[in-house]
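Just the heavy atoms: all of them, side chains too, but no hydrogens, waters or symmetry mates, feed the values below.
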There are 2 protein chains.
Amino acid sequence: MPVPAEAGSEGTTVKQRSIPEASVARLAVYLRMLGELAEQGAETVSSDELAAATGVNPAKLRKDLSYIGSYGIRGVGYEISSLLHQLERALGLNHRQAVALVGVGNLGHALAGYGGFGGRGFPVTALFDVDPDLVGIHINGILVDHIRAIPEVCAERAITIGVIATPAQAAQGACDLLVESGVRCILNFAPVVLQVPGEVEVRKVDLAVELQILAFHVARRHLTATADVVTEQMVNGHAVNGSGGAHS
Amino acid sequence: MPVPAEAGSEGTTVKQRSIPEASVARLAVYLRMLGELAEQGAETVSSDELAAATGVNPAKLRKDLSYIGSYGIRGVGYEISSLLHQLERALGLNHRQAVALVGVGNLGHALAGYGGFGGRGFPVTALFDVDPDLVGIHINGILVDHIRAIPEVCAERAITIGVIATPAQAAQGACDLLVESGVRCILNFAPVVLQVPGEVEVRKVDLAVELQILAFHVARRHLTATADVVTEQMVNGHAVNGSGGAHS
DNA sequence: AGTCGCTTGTGAAGACACGCACAAAGTTGC
DNA sequence: GCAACTTTGTGCGTGTCTTCACAAGCGACT
């Protein structure tokens, strides 16, 4: 949301192929699904198939893909390996991004061991905490440092992404240290709004909020179900036809 | 829109269905911040203050709040305790929602101990896994059951929300069991698109995707910053006809 | 060759979200 | 009681996202 306030040297604006934010999120999903399909030995996939597998409208999928170029073959579909490569390039995954994780408590510990990060090109290479009982131990072979070592360690290990999994009151301090160390992208699990300079990108994941959104829907459903006859619902599309069977 | 303020308890076609999805997500954020303010002893808060604290545009905040009614006092702001109560009601938090967590591995274990759930009205009251080493142990005082016990335990403990933190290949099976047990809201951490009947609401949280979105931004930033990257892959024809161009 | 069926890519329209700007409604001070 | 000030609630213009619908392109088949 924050446009670089005074980014200054912008120079010649070479066709800002600005991919919509919503599309970027879905491209990442397509990427993973393509990876799975490739592992299963498939060679091509149509937009309808890929859309069904990722739960997206086919037209939306094609438009998403069109933002990164025209790599489909009409009448056939998309060549999986080619599309995979193009997607990785567009998402900036051609070179690894080292991740630092601050806060090795309950959630942080799990994230440190979470295979989904390292397995997808985001190796967690630094861990930090303030708890003396945690500083010094190894998790998944990585030493936990004190947060005061953030600047030094981040520079040394070329950290580009920071993940904050501290308690709420410690998050801003951790964030400041990361920013000071040159980290420009932060994934924040703490339930606070981080104050950062304009050039730093923050994404927030709030688990409690996710549950509350669900609770809202369950309450609303209960309300309409009890108040009236169950009407034909028009909730989010999800034309899940043939949703039966095929379990396990 | 002069809706009679006192006549809320009638139950006749409460038009809550009109709350935009995006607003619901923010309402949950306001709710938490209001809780913090209440703890600090504040009694009223203005839209500007609350907006600044939650990182939202003040007008947007007021519009969000207007969807649940007019509970502000012009010239003063919002009475925190009152607004808190109204928000909880609107989000369906007036009665607790018992949560079942399937998959007590790395992430699931952390979620089971995550204070943000129970602390906000979503007590995790059931845990499930398939691993014989995990079934039978207690986490935070809760016994881990085998997933085959899901129907029985969910009915017994009045589970309304299910959280899936299993590996990808086990997620659909876990989902089916939950749905079969009457769970209508599912929070899914597994990187798969769950197939569910239309009346079930699924929210997906994909941690790897979050990082990839960040990686995209870091890559693009790097691209624009170093404006003269040797673009070897300009091969794509880019028939981007009339793409608006630089409307500065 | 020629035709037919299938799939992509995209213009256009509709739906949704955002944020400005201002009237309405309250409070404070005299 | 009245005027000045503060803050809410919202109508509306603007921009973004989603979805439809269809022409263009590709391969297969006759």
CD of Glu79(A) versus C1' of dC26(D): gap in Å, rounded?
15 Å

Hits for salt bridge (Lys or Arg N to Asp or Glu O under 4.0 Å) against Glu36(A), two or more places apart or cross-chain, chain-then-number order -> none

Indicate whether OP1 or OP2 belonging to dG9(D) is found under 4.0 Å from a side-chain N or O atom of Tyr78(B).
yes

Provide the closest heavy-atom pair for Val102(A) versus Thr166(A) in the form atom of the first, atom of the second, distance.
O-CG2, 3.4 Å

Per the under-4.0 Å heavy-atom filter, residues of residues 35-42 of chain A near DNA chain D come out as none

Over how many whole Å does the gap from Leu65(A) atom CG to dT10(C) atom P extend?
11 Å

In whole angstrom, give the distance that lies between atom CG of Asp64(B) and atom P of dG19(C).
10 Å

If you compare every side-chain N and O of Ser47(A) against the phosphate oxygens of dT7(C) (OP1, OP2), does one of them come in below 4.0 Å?
no

Which protein N or O atoms sit under 3.5 Å from an N or O of nucleotides 12-14 of chain C?
from: dA12(C); atom 1: N6; to: Lys63(A); atom 2: NZ; distance (Å): 2.9

Specify the closest pair of heavy atoms between Val183(B) and Val200(B), including all atoms of both residues, with the distance to one decimal.
O-CG2, 4.1 Å

Whether the Thr160(B) and Gln97(B) side chains hold a donor-acceptor pair (N or O, under 3.5 Å, no angle test) is what I'd like checked.
yes

Round to the nearest Å and state the distance from Tyr71(A) atom OH to dC26(D) atom P.
16 Å

d(CD1, Ile68(A); P, dT8(C)) in whole Å:
14 Å

Specify the closest pair of heavy atoms between Leu178(B) and Gly162(B), including all atoms of both residues, with the distance to one decimal.
CD1-CA, 4.1 Å

Do Phe117(A) and Leu111(A) make a side-chain contact, defined as non-hydrogen atoms from C-beta onward lying under 4.5 Å apart?
yes

Rounding to an integer number of Å, can you tell me how far Arg26(B) CZ sits from dC16(C) C1'?
12 Å

Per-nt protein contacts along nucleotides 21-30 of chain C (heavy atom under 4.0 Å; B base, S backbone sugar-phosphate only, - none) come out as B--BBSS---

Round to the nearest Å and state the distance from Lys60(B) atom NZ to dG9(D) atom P.
18 Å

All salt bridge (Lys or Arg N to Asp or Glu O under 4.0 Å) counterparts of Glu49(B), not counting sequence neighbours
none

With sequence neighbours left out, what residues match Arg120(A) under salt bridge (Lys or Arg N to Asp or Glu O under 4.0 Å)?
none

Here the distance between atom C1' of dT8(D) and atom OH of Tyr67(B), to the nearest Å, is 15 Å

Do the side-chain N or O atoms of Ser46(B) get closer than 4.0 angstrom to the phosphate oxygens (OP1, OP2) of dT7(D)?
no

Tell me the closest heavy-atom pair linking Ala215(A) and Leu93(B), and the distance in Å.
CB-CD2, 4.0 Å

Short side-chain N/O contact to dC20(D) OP1/OP2 from Asn57(A), under 4.0 Å:
yes

Got a salt bridge between Arg203(A) and Glu21(A), using NZ or NE/NH1/NH2 to carboxylate O under 4.0 Å?
yes

Identified side-chain contact (heavy atoms from CB on, under 4.5 Å) partner of Lys204(A) from the options Asn188(A), Ile186(A), Ile164(A), Val192(A):
Asn188(A)

Min side-chain heavy-atom separation Glu88(B)-Leu31(B) under 4.5 Å
yes

